[in-house]
Asker: 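Below is the structure I would like to discuss, written out as structure tokens.
Chain letters run A, B, ... following the sequence lines, proteins first, then strands; residues in each count from 1.
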Amino acid sequence: MSEVTLLIASLAAATLVIRLGGYYLGAALPQSGPIARGLKALPGTLITALVTLQLINGGVNEWIAGAAALAIAIATRSLPLTMLAGIVTIYALRNGF
Amino acid sequence: MPLPAEFRQGLRDIAPLALGVALYGLAFGLLAAQAGMDGLQTGIMGATVFTGSAQFVAVERLAAGATALTALVAGIALNLRMVLITASLRDVLAGQPFWKVALGVHLTTDESWALLHATRAAGRPAGYWYLVGAGFGVFAAWIAATVAGASFAHSIPEPRALGIDFAFAAAFIAILRGLWRGRRDAAPWLVAAATVVALRLGTTLEPSWALVAGGVLGAAVAAFGGRDV
């Protein structure tokens, strides 16, 4: 078996186990109290961590574009408009407008 | 059997994100071609693994000359955060038969999962078929784009030059806006962000571990600092 085939098969199996494992773990945890509050807060904290990581990996251009995207998100609550604002701003900054 | 209305709604709502996924997928296809993969292998990998960032890292390792085992470990490390993602799908998947749970979690990505929570936070109905519809949109875009990228590797512009790499940061900012529930989110989110900054700037920890630590510590603040609502 080639390295590529081996990688695809093993990574596919491992990923499905991780995805299913997460669900069954979450389902086995208590439905109220601290753990439940933590699980409920998880989407927000995880996405905050993700955005923070993306902004750290970038530089000043990414921070300005992030601020522009945030302003549009607060004003419009629109996903496509926010994406557009972020992409247009970063494109303009990188190409020296 | 006609598709449930929520499936179609999820598919519609994910469209702008699926476009971003398609552009990211083209970039992955280019990398896969560099690692010596053809269109068929790329398509099979996309359909069976179906996690953008882990595929990227694993195939990058392979292209850099690493063994399949090293590439696998790198991909798994990046995918561990999926445990947290599918763990928060309890409301959507509980009580479903195994095949529907398996289908639901396999189609779950950062994008479809975040969209599901943002839609629910906005007070709109989003259940199992919404998740599957949104996930299917990402799936179709990912397969089509990665296969095209691997097959036509020579005639595609570099995505970073177009600013496309920033599409996801902007999308997640919009989704955060939708998830914001008021002041009780301030401390958990701040701790999540501060943890990532501290770990990235102060240590040599892998970025994906900083991400998991930030998400978990932030959630812990919500768990032990708040009240049930």
Asker: Can you give me the closest heavy-atom contact between B:Leu211 and A:Ala49, atom names plus distance?
Answerer: CD1-C, 3.6 Å
Asker: Are A:Asn61 and B:Phe166 close enough that some pair of their side-chain heavy atoms sits under 4.5 Å apart?
Answerer: no
Asker: Which bit of B:Asp185 comes within less than 4.5 Å of chain A, counting heavy atoms only: side chain, backbone, both or neither?
Answerer: neither
Asker: Is A:Glu3 reaching over with its side chain to a backbone N or O of B:Ala68, donor-acceptor style, under 3.5 angstrom?
Answerer: yes
Asker: What are the two closest non-hydrogen atoms of A:Leu42 and B:Gly215, and how far apart are they?
Answerer: CD1-O, 3.6 Å
Asker: Can you find a pair of side-chain heavy atoms, one from B:Arg90 and one from A:Leu29, that are under 4.5 Å apart?
Answerer: yes
Asker: Could you walk me through whether A:Tyr24 and B:Val101 pass side chain to side chain contact (heavy atoms under 4.5 Å, CB included), step by step?
Answerer: CA-CA 10 Å; A:Tyr24 285 109; B:Val101 171; 4.1 Å; yes
Asker: Most heavy-atom pairs under 4.5 angstrom with chain A, which of B:Ala171, B:Gly20, B:Gly214?
Answerer: B:Ala171
Asker: At a heavy-atom separation under 4.5 Å, does B:His106 approach chain A through its side chain, its backbone, both, or neither?
Answerer: both
Asker: Side chain, backbone, both or neither: which part of A:Ile56 has a non-hydrogen atom closer than 4.5 Å to chain B?
Answerer: side chain
Asker: Given side chains that start at C-beta, do those of A:Thr15 and B:Phe50 come closer than 4.5 Å, heavy atoms only?
Answerer: no
Asker: Show the nearest heavy-atom pair for residues B:Met37 and A:Val4, with the distance to one decimal.
Answerer: CG-CG1, 3.7 Å
Asker: Carefully, step by step, assess A:Asn57 and B:Arg200 under the rule side chain to side chain contact (heavy atoms under 4.5 Å, CB included).
Answerer: CA-CA 9 Å; A:Asn57 289 341; B:Arg200 280 303 285 154; 3.6 Å; yes
Asker: Let me know if A:Val51 has heavy atoms under 4.5 Å from chain B in its side chain, its backbone, both or neither.
Answerer: side chain
Asker: Select one option (side chain, backbone, both, neither) describing which atoms of B:Asp13 are under 4.5 Å from chain A's heavy atoms.
Answerer: backbone
Asker: Let me know if B:Trp113 has heavy atoms under 4.5 Å from chain A in its side chain, its backbone, both or neither.
Answerer: side chain
Asker: Checking side chain to side chain contact (heavy atoms under 4.5 Å, CB included) for the pair B:Arg177/A:Thr82: CA distance, chi angles, key distance, verdict?
Answerer: CA-CA 10 Å; B:Arg177 173 68 191 92; A:Thr82 304; over 6 Å; no
Asker: Tell me, side chain or backbone of B:Thr195 under 4.5 Å from chain A's heavy atoms, or both, or neither?
Answerer: neither
Asker: With side chain to side chain contact (heavy atoms under 4.5 Å, CB included) as the test, would you mind laying out the steps for B:Phe98 and A:Leu20 before giving the verdict?
Answerer: CA-CA 10 Å; B:Phe98 179 76; A:Leu20 278 172; 4.0 Å; yes
Asker: Side chain, backbone, both or neither: which part of B:Met45 has a heavy atom under 4.5 Å from chain A?
Answerer: both
Asker: Report which part of B:Leu19 has an atom under 4.5 Å of a heavy atom belonging to chain A: side chain, backbone, both, or neither.
Answerer: neither
